[in-house]
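Some notes on the structure that comes next.
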Amino acid sequence: MSRPTAHTITAADNAQVDTSIKKFGTGAFLSDGVSDRLDVTADSDFVMGSGDFTLEAWVYPMNTGVGSGDAIIAKWSGGTGYSYGLTYGSGGNSPKANIRCLINDTGGIRGVNAGGNPLTPEAWNHVALVVESGTLSLYAQGNRLTTTSVTAFNDASSTKITIGSITNGGYSPKQSMDEVRIS
């Protein structure tokens with residue numbers, strides 16, 4: 001059994017700890033929707049390749065209107081540096097309450113949409129992206145919403161992880177998040 005590895009996490013823009021909206025403990029990450037994020041230093045621990053992994057978080061969306069996706073957790077540097085990301089929203093005029101993910105595996109960059117509007121605005125929602133034995137599954141509230149086959153992820157080891165946005169503040173929604181986990 002391997003031990004967890006410590007990683008440096010840096011708050012960016014106006015990211016803050018909110019003590020009024022929290023799922024566990026004394027506070028949660030709060031984004032006002034303008035480029036706020038937590039940056040996790042790039043590390044080979046986040047190169048998933050063809051292995052099994054899980055991304056999960058408790059999210060408290062404060063705006064699930066229509067439009068493009070809002071980020072929960074992502075590893076993205078643009079173009080071929082994109083690896084994986086868990087978001088809500090399906091683009092265009094679809095409700096942002098849909099769970100979705102973006103992946104870059106040997107099949108190229110593609111989106112996987114769960115649909116069904118499983119997120120409740122202004123409430124805590126548990127979401128997860130699980131890759132196990134070549135199958136990617138999206139979950140909300142403990143329910144598996146959709147699956148797709150995946151192959152080895154095209155990972156860039158020099159790409160950081162961002163929590164609450166994609167890369168440098170894009171797709172940063174107004175939300176709180178708690179217990180974000182990569183395993």
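Keep in mind the model is a prediction, meaning the values are calculated, not measured. Numbers here simply count residues along the sequence, with the first being 1.
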Any side-chain heavy-atom pair of Leu119 and Val127 under 4.5 Å
yes
Just how far is it from atom OG1 of Thr159 to atom CZ of Phe46, taken to the nearest 0.5 Å?
12.0 Å
To the nearest 0.5 Å, what is the distance between CG on Leu30 and OG on Ser20?
7.5 Å
Pairwise distance CG(Leu38) to CG(Asp13) - rounded to 0.5 angstrom
11.0 Å
Which is it for Phe53 and Leu129 under the side chain to side chain contact (heavy atoms under 4.5 Å, CB included) test, yes or no, and what are the steps along the way?
CA-CA 8 Å; Phe53 68 96; Leu129 178 158; 3.8 Å; yes
To the nearest 0.5 angstrom, please state how far the OG1 atom of Thr10 sits from the NZ atom of Lys160.
9.0 Å
Determine whether Arg37 and Ile163 make a side-chain contact, defined as any pair of heavy atoms from C-beta on separated by less than 4.5 Å.
no
By the salt bridge (charged side-chain N to carboxylate O under 4.0 Å, His left out) test, which pairs, at least two apart or in different chains, include something from residues 124-150?
none
If you define the side chain from C-beta out and look only at heavy atoms, does anything of Cys101 sit under 4.5 Å from Leu136?
yes
Counting C-beta onward and ignoring hydrogens, is there a side-chain heavy-atom pair between Val131 and Leu55 closer than 4.5 Å?
no
Strictly under 6.0 Å, is that where the ring centroids of His126 and Tyr139 end up?
no
Parallel, tilted or perpendicular: ring planes of Phe24 versus Trp58, cut at 30 and 60 degrees:
perpendicular
Side-chain heavy atoms under 4.5 angstrom apart, residues restricted to Ile, Leu, Val, Met, Phe, Trp, Tyr: same cluster for Val59 and Val17?
no
Within the structure provided, determine whether Thr8 and Val40 are in side-chain contact (heavy-atom separation under 4.5 Å).
no
Carefully, step by step, assess Thr26 and Thr19 under the rule side chain to side chain contact (heavy atoms under 4.5 Å, CB included).
CA-CA 6 Å; Thr26 59; Thr19 58; 5.5 Å; no
Look up atom OG in Ser31 and atom CG in Asp18, then write down how far apart they are to the nearest 0.5 Å.
11.5 Å
On a heavy-atom basis, the closest approach of Phe29 and Ala15 is CE1-CB, 3.4 Å
Does a donor on one side chain sit under 3.5 Å from an acceptor on the other, for Asn14 and Asp32?
yes
With side-chain contact (heavy atoms from CB on, under 4.5 Å) as the test, pick out the partner of Ile161 among Thr41, Asp39, Ile182, Asp45.
Ile182
State, with a plain yes or no, whether a side-chain heavy atom of Ile72 is found less than 4.5 Å away from one of Thr87.
no
Correct closest heavy-atom pair for Ser137 and Thr147 would be OG-CG2, 3.3 Å
Given side chains that start at C-beta, do those of Met177 and Tyr60 come closer than 4.5 Å, heavy atoms only?
no
Minimal heavy-atom distance between Lys22 and Gly27, with the atoms involved, is CD-N, 3.6 Å
Asp178: partners by side-chain hydrogen bond (donor to acceptor under 3.5 Å, both in side chains), with sequence neighbours left out:
none
Go through the steps for Thr162 and Ile73 under the test side chain to side chain contact (heavy atoms under 4.5 Å, CB included), then give the verdict.
CA-CA 6 Å; Thr162 52; Ile73 185 170; over 6 Å; no
Honestly curious: do Val130 and Tyr84 fall in one hydrophobic cluster under the side-chain, below-4.5 Å linking rule?
no
Would you say Arg100 and Leu86 make side-chain contact, with heavy atoms under 4.5 Å?
no
